[in-house]
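Worth knowing before you read on, the calculation uses all heavy atoms, side chains too, and leaves out hydrogens, waters and symmetry mates. Predicted model, so just to flag it, every value in this text is computed and none were measured.
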Amino acid sequence: MKQTTTFRSGTHKERVMEQYDAALANFKGNIRQQAVPTSFGETHVISYGNEDYPKLILLHGANSNAAS
């Protein structure tokens with residue numbers, strides 16, 4: 001499968017990732033990040049919250065990142 005990217009340049013990617021990290025830093029508590037294998041390749045998953053409660057899955061659009 002051909003690799004594609006949403007970034008116009010390495011600098012653009014770096015700036016977006018800085019904003020992404022800043023957005024995640026706003027969450028206080030237990031954030032877990034992991035790579036999950038799928039049939040389309042590895043997918044980055046963020047888990048947040050109390051393990052004792054029911055799970056809620058939020059999917060973002062625009063082939064972008066969770067900070068969107």
message = Glu51: which residues meet the salt bridge (charged side-chain N to carboxylate O under 4.0 Å, His left out) condition with it, sequence neighbours left out?
response = Arg32, Lys55
inquiry  = For the CZ atom on Phe27, are there more than 12 heavy atoms of other groups (residues, nucleotides or ligands in this structure) within a distance under 6.0 Å?
reply    = no
remark   = When every non-hydrogen atom of Ser9 is compared with those of His12, the smallest separation belongs to OG-N, 3.1 Å
inquiry  = Nearest 0.5 Å, please: how far is NE2 in His44 from CD in Gln34?
reply    = 8.5 Å
key: Gln33 to Tyr20 - nearest heavy-atom pair and separation   = OE1-OH, 4.2 Å
remark   = Closest non-hydrogen atoms of Leu24 and Ile31, given as atom of the first, atom of the second and distance, are O-CD1, 3.5 Å
